[in-house]
Amino acid sequence: MKYETVIGLEVHLQLATQTKVFCGCSTKFGQRPNSQTCPVCLGFPGSLPVLNEEAFYFSIKVALALNCQIQNLIKFDRKNYYYPDLPKNFQISQYDMPLSYNGVVYIAPQGSGERKRVRVKRVHLEEDAGKLVHPERENYSLVDFNRSGVPLLEIVTEPDIASTEEAYDYLVRLKSILKYLKVSDCDMEKGSLRCDANISVRPIGEEALGTKVELKNMNTFKGVRLALEYETKRQIGLAQEGEKIIQETRLWDSEKQITTSMRSKEEAQDYRYFPEPDLVPFVVDNAVIEKIKNSLPELPEAKANRFISEFGLSEYDAGVLTSQIDIADYFEECVKLYPNPKTVANWVTGDIMAQLNARNITMDELDVLPSSLTEILKMIESGVISGKMAKELLLESIETKSRPEDIVKKKDLFQISDTAKLEKMAKAVLKREKKSVRDYKSGKTNALAFLVGQIMRQTKGKANPAIVNEILKKELEG
Amino acid sequence: MENLYSLTAHELRELIDKKSLEPSRILDEIFKRIELLDDKIKAFVLVNKLNAKAETKIGKLFGIPVLIKDNICVKDENTTCASKILEGFKPPYDATVIKKLKLEGAVLIGKANMDEFAFGSSCETSFYGPTKNPWDLERIPGGSSGGSAAAVAADETILALGSDTGGSIRQPASLCGVVGLKPTYGRVSRYGLIAFASSLDQIGPIAKDVKDAALLLNVIAGHDEMDSTSVDLPVPDYRKSLVKDVKGLRIGVPKEYFVKGIDKDVEEAIKKAINILKDLGAKTIDISLPHTEYALSTYYIVAPAEASSNLARFDGVQYGFRAKDAKDLIDMYVQTRSQGFGNEAKRRILLGTYCLSSGYYDAYYLKAQKVRTKIKEDFDNAFGSLCDCIITPTSPTPAFKIGERIEEPLSMYLSDIYTIPANLAGLPAMSVPCGFSKNNLPIGMQILAKPFAEETIFRTAYTFEQVTDFHKKKPKL
């Protein structure tokens with residue numbers, strides 16, 4: 001029997017608000033433990049939460065960008081459970097009325113060539129917990145509450161994802177949208193974006209869902225991919241052996257590259273949700289939503305479509321350029337300075353992105369001004385440098401953080417396009433390389449390349465190869 | 001001249017304003033009085049003799065001693081809710097009401113005993129032991145703000161703050177023969193009040209007369225951006241409502257409050273009091289609040305449910321009591337909470353946890369919230385067209401004996417049967433002294449009004465006080 005996978009993803013996103021979701025403490029990452037706390041986020045007796053407006057607006061922004069409907073009445077609930085990183089022993093969250101629901105994200109996994117809808121079941125706002133620290137070889141644990149109360153947005157899909165590739169593509173696209181919205185740094189390593197998965201398998205053709213397993217502790221995009229691959233195989237294996245799949249929560253072990261059981265359904269907690277009495281439910285003004293809607297930036301899909309229609313780019317190039325907002329912005333800046341979109345696109349998707357990948361850095365970190373690239377492109381066009389020189393120039397400009405023009409001047413890299421000078425050199429070479437001249441005349445046309453090479457070597461690559469080519473041909477045939 | 005401790009805040013303020021009284025003399029007298037009496041009454045869990053001083057010399061309460069219920073946070077001072085589990089807890093911040101008192105020059109003289117976490121109607125569940133009723137030391141002062149009410153009645157303080165979740169200000173005020181007001185839900189900030197049931201709790205004044213209650217409410221009322229449930233409405237000067245005039249006032253008398261279970265003396269006293277107001281030109285209207293009979297059961301679902309969650313934070317991790325020698329994390333939780341909470345607290349945590357549990361939520365918590373809406377509608381209808389205020393007994397009986405009900409939670413819970421509806425509906429309600437039982441125990445009359453109509457209550461109560469002297473009687477100590 002053949003099996004298919006059914007996956008639903010649950011993303012937790014820390015919102016990059018100035019202050020925490022229910023108090024005025026800073027959300028800055030990496031500060032001294034417990035230095036960013038107050039009675040509210042420490043859950044001290046008598047303290048009360050007050051909703052941070054910015055966190056609410058950020059949430060609505062995300063909801064609208066994911067094509068969600070917005071709840072008319074915003075209400076919070078308490079999720080009750082005991083854990084030392086949760087100072088009140090309940091988390092303020094949203095239960096039966098998430099602030100938005102029924103959204104959709106379009107995915108198009110590489111190779112499939114098809115666009116697919118992944119329905120977003122709900123997006124809701126809650127508070128993050130603190131962090132436990134376990135000192136090595138000690139019999140105690142420490143708690144850092146700096147993270148306690150950082151706004152957390154939970155984005156849950158329907159079980160619409162049918163493969164690891166689709167899951168990966170969904171995450172990439174979701175992250176891309178979230179980065180466009182500038183609501184989070186989406187850094188999985190810092191924990192500002194976390195992903196859990198629900199996964200089950202069923203015989204192809206079967207409509208009923210199989211028993212689902214919840215996967216946790218996948219701390220990187222790669223981890224998500226590996227864990228889902230592993231779990232797919234494990235579950236199909238069990239199904240094929242006729243063994244029962246147990247409904248449980250499993251943890252991804254990135255070292256051993258396996259998933260292990262954390263708790264079964266029977267051990268699942270009763271969170272005893274009830275409405276948070278300390279926060280008054282409120283009605284969202286439609287005008288506010290309209291205002292947020294109008295302030296949304298152009299999102300990846302729309303931008304890609306515009307790049308295709310406005311700049312005549314291929315669907316592929318447009319997709320690559322718009323996958324990250326800073327790359328898309330860089331491209332557009334360059335096109336403003338050098339209105340030849342196709343050439344710019346080639347360079348950005350080619351050399352620039354190759355540098356980003358090689359160095360594993362972002363566009364911001366690369367620190368190359370759009371004008372640096374366009375200067376280089378202009379120099380190629382006017383024949384000041386060759387294409388090959390341009391690539392080296394770009395690299396040097398990145399490494400030395402200098403302007404390409406300055407490097408060209410300093411190293412005297414100007415291309416030699418002076419016809420008289422090159423004619424003189426050509427004549428000398430033809431006199432010297434008699435054998436090659438004979439070869440050429442007898443029909444071995446690739447001798448020409450050798451002769452061009454001689455001049456290039458003599459000029460240390462600065463001769464304009466097109467002109468050299470032309471001159472040599474004329475001399476040989478004339 | 002009378003002893004200073006027996007005067008009211010407004011009388012003392014007048015003397016201070018006329019420069020004929022140095023405020024430190026009040027404090028001296030009050031602390032002497034506490035020293036003399038509190039071994040017997042046990043109204044205080046903390047006497048702040050060393051640090052008691054006004055932080056400013058200007059202010060509406062400059063020089064006036066105020067006793068604070070032990071569930072209101074005072075910066076760097078023990079705040080324990082009369083529970084072992086908060087042993088040694090010193091909040092790093094002031095509750096909003098405390099900030100306001102300090103700004104107006106009030107002198108915080110200590111913390112008042114109470115039922116543990118405000119769970120009770122007799123002050124007997126306190127970890128520190130019970131407070132006694134100044135009118136009869138063998139009887140309870142009421143609760144949970146029993147320490148606050150007893151101290152005011154015994155002249156151990158001039159003013160006191162209490163908190164009221166189901167009658168915790170009004171019932172002890174009634175049983176101790178003083179004035180106690182639960183303001184409209186949202187009138188006074190709850191920031192810094194250690195929550196019992198967040199949707200019901202409200203801080204309010206306990207005082208020797210209606211005018212002092214107005215004075216104190218003037219100081220503590222108002223919107224607070226630290227409390228989302230506090231309401232952003234202007235605060236009137238409640239002293240302006242202190243007018244002797246009830247002509248044309250329509251008093252609703254709900255038939256559901258005068259049924260089986262009410263003490264004869266109490267019923268008589270209330271009826272006499274209503275007649276006094278009638279003689280002054282008020283009209284009475286027989287009304288019905290048909291959902292009254294469900295109030296107690298509704299309350300004992302909603303309040304413990306919220307409490308079970310509010311009290312979850314007392315786990316020994318950050319502050320207060322932590323059991324020694326726990327084997328692991330779960331054991332630390334279990335031991336800390338088993339040893340730290342008293343029986344009534346455990347009972348309510350269990351009740352609340354049960355009501356919120358999966359499979360029971362709809363039948364209990366959700367149903368209770370629906371009934372709560374019905375109870376509120378009863379009052380909306382009454383205040384909508386029929387009456388301006390409602391008068392009922394505050395408590396079905398005068399003060400009962402210590403130990404009489406502590407083993408029977410249900411009979412204890414019935415002490416609050418008349419006060420609970422105001423909390424469920426969020427209404428303001430006051431208890432004012434209106435008589436004495438045959439064995440000389442105070443009886444209180446409860447006056448309720450629609451939300452934010454504290455002024456109506458003040459006017460009615462003040463008028464009654466002007467023609468009676470129940471509030472002037474003092475216990476023999």
Side-chain angles (χ1 to χ4, degrees), chain A residues 22-24 34 37-53 74-93 95-96 129-130 132 134 139-145 148 268-282, chain B residues 71-73 79-81 86 89 91-96 117 186 189-195 197-201 224-231 302 305-306 308-320 329-330 332-333 337 352-361 365-366 369:
Chain A
F22 297 123
C23 65
N34 296 309
T37 56
C38 73
V40 177
C41 57
L42 290 174
F44 264 51
S47 67
L48 296 170
V50 176
L51 178 63
N52 173 348
E53 262 183 52
I74 304 298
K75 141 187 176 247
F76 289 88
D77 300 281
R78 289 187 185 176
K79 179 179 183 180
N80 295 284
Y81 66 95
Y82 282 82
Y83 206 63
D85 66 5
L86 194 65
K88 302 185 292 293
N89 283 326
F90 64 78
Q91 178 192 33
I92 303 178
S93 180
Y95 181 51
D96 54 340
L132 288 188
H134 308 286
N139 64 348
Y140 58 85
S141 298
L142 299 167
V143 204
D144 177 4
F145 288 112
S148 167
Q269 301 188 47
D270 178 359
Y271 292 120
R272 303 189 312 280
Y273 283 101
F274 77 104
E276 166 57 279
D278 288 329
L279 291 166
V280 185
F282 64 96
Chain B
N71 60 352
I72 299 171
C73 289
T79 299
T80 70
C81 292
L86 272 172
F89 173 61
Y93 70 102
D94 273 332
T96 300
F117 283 104
S189 168
R190 292 185 298 114
Y191 190 78
L193 168 67
I194 300 182
S198 314
S199 73
L200 301 161
D201 296 344
D224 177 11
E225 55 181 38
M226 299 295 279
D227 176 2
S228 307
T229 65
S230 76
V231 177
V302 174
E306 292 180 12
S308 71
S309 170
N310 283 330
L311 268 61
R313 75 191 68 199
F314 304 111
D315 57 4
V317 172
Q318 281 195 81
Y319 43 74
L329 178 66
I330 300 292
M332 181 183 92
Y333 286 157
R337 290 170 67 82
T353 305
Y354 182 83
C355 291
L356 291 175
S357 294
S358 154
Y360 298 99
Y361 179 85
Y365 190 79
L366 202 62
Q369 289 294 11

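Below, chains carry the letters A, B, ... as their sequence lines are ordered, and counting in each starts from 1.
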Exercise for review: Evaluate the side-chain contact (heavy atoms from CB on, under 4.5 Å) criterion for residues B:Ser228 and A:Glu276: first the C-alpha distance (whole Å), next the side-chain angles of each, then the deciding distance (0.1 Å), finally the verdict.
Suggested key: CA-CA 11 Å; B:Ser228 307; A:Glu276 166 57 279; over 6 Å; no
Exercise for review: Start with the C-alpha gap between A:Leu48 and B:Met226, add the side-chain angles, then the distance that decides, and say whether side-chain contact (heavy atoms from CB on, under 4.5 Å) holds.
Suggested key: CA-CA 7 Å; A:Leu48 296 170; B:Met226 299 295 279; over 6 Å; no
Review point. Would B:Asn310 and A:Arg78 count as a side-chain contact (heavy atoms from CB on, under 4.5 Å) if you check the C-alpha gap in whole Å, the side-chain angles of each, and the deciding distance to 0.1 Å?
Key: CA-CA 10 Å; B:Asn310 283 330; A:Arg78 289 187 185 176; 2.9 Å; yes
Exercise for review: Go through the steps to decide whether B:Arg190 and A:Asp278 satisfy the test side-chain contact (heavy atoms from CB on, under 4.5 Å), and finish with yes or no.
Suggested key: CA-CA 10 Å; B:Arg190 292 185 298 114; A:Asp278 288 329; 2.9 Å; yes
Practice item. Take B:Ser357 and A:Arg272 through the side-chain hydrogen bond (donor to acceptor under 3.5 Å, both in side chains) test and state the conclusion after the steps. Key: CA-CA 5 Å; B:Ser357 294; A:Arg272 303 189 312 280; 5.2 Å; no
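Taking every heavy atom of both residues into account, B:Tyr319 and A:Gly43 meet most closely at OH-O, 3.5 Å. Here the closest heavy-atom approach between residue B:Ser358 and residue A:Asp270 is recorded as N-OD2, 2.7 Å. Heavy atoms only, all atoms of each residue included: B:Ser198 and A:Pro277 are closest at CB-CG, 3.6 Å. Pairing each heavy atom of A:Val50 with each of B:Asp227, the nearest pair is CG2-N, 4.3 Å. A:Tyr273 approaches B:Tyr361 most closely through the heavy-atom pair O-CE1, 3.4 Å. Here the shortest heavy-atom pairing between A:Ser47 and B:Arg313 reads OG-NH1, 4.3 Å.
Options A:Pro275, A:Gly46, A:Gly24 differ in how many heavy-atom pairs under 4.5 Å they form with chain B, and the most are formed by A:Gly46. Ranked by heavy-atom pairs under 4.5 Å with chain A, the first of B:Ile194, B:Asn71, B:Leu366, B:Thr79 is B:Ile194. In terms of heavy-atom pairs under 4.5 Å with chain A, the best-connected choice from B:Ser308, B:Ala312, B:Pro91 is B:Ala312.
None of B:Phe89, B:Tyr191, B:Tyr93 except one satisfies the ring pair (Phe, Tyr, Trp, His ring centres under 6.0 Å) rule with A:Phe44; the exception is B:Phe89.
There is no contact between B:Gln369 and chain A, counting heavy-atom distances below 4.5 Å. Using a 4.5 Å cut-off between heavy atoms, B:Ile72 makes no contact with chain A at all. Contact annotation for A:Pro87: both backbone and side-chain heavy atoms come within less than 4.5 Å of a heavy atom of chain B. In this structure, chain A has heavy atoms under 4.5 Å from both the backbone and the side chain of B:Glu306. In this structure, chain B has no heavy atom under 4.5 Å from any part of A:Leu86. Both the backbone and the side chain of A:Phe274 come within less than 4.5 Å of a heavy atom of chain B.
Side-chain atoms of B:Ser309 and A:Asn80 include a donor-acceptor pair closer than 3.5 Å. For the residue pair B:Arg337 / A:Tyr82, a side-chain donor-acceptor distance below 3.5 Å is found, with atom types taken as modelled.
Applying the 6.0 Å contact sphere to CD of A:Gln269 captures more than 12 heavy atoms from other residues, nucleotides or ligands.
The shortest distance between side-chain heavy atoms of B:Tyr333 and A:Pro84 falls below 4.5 Å.
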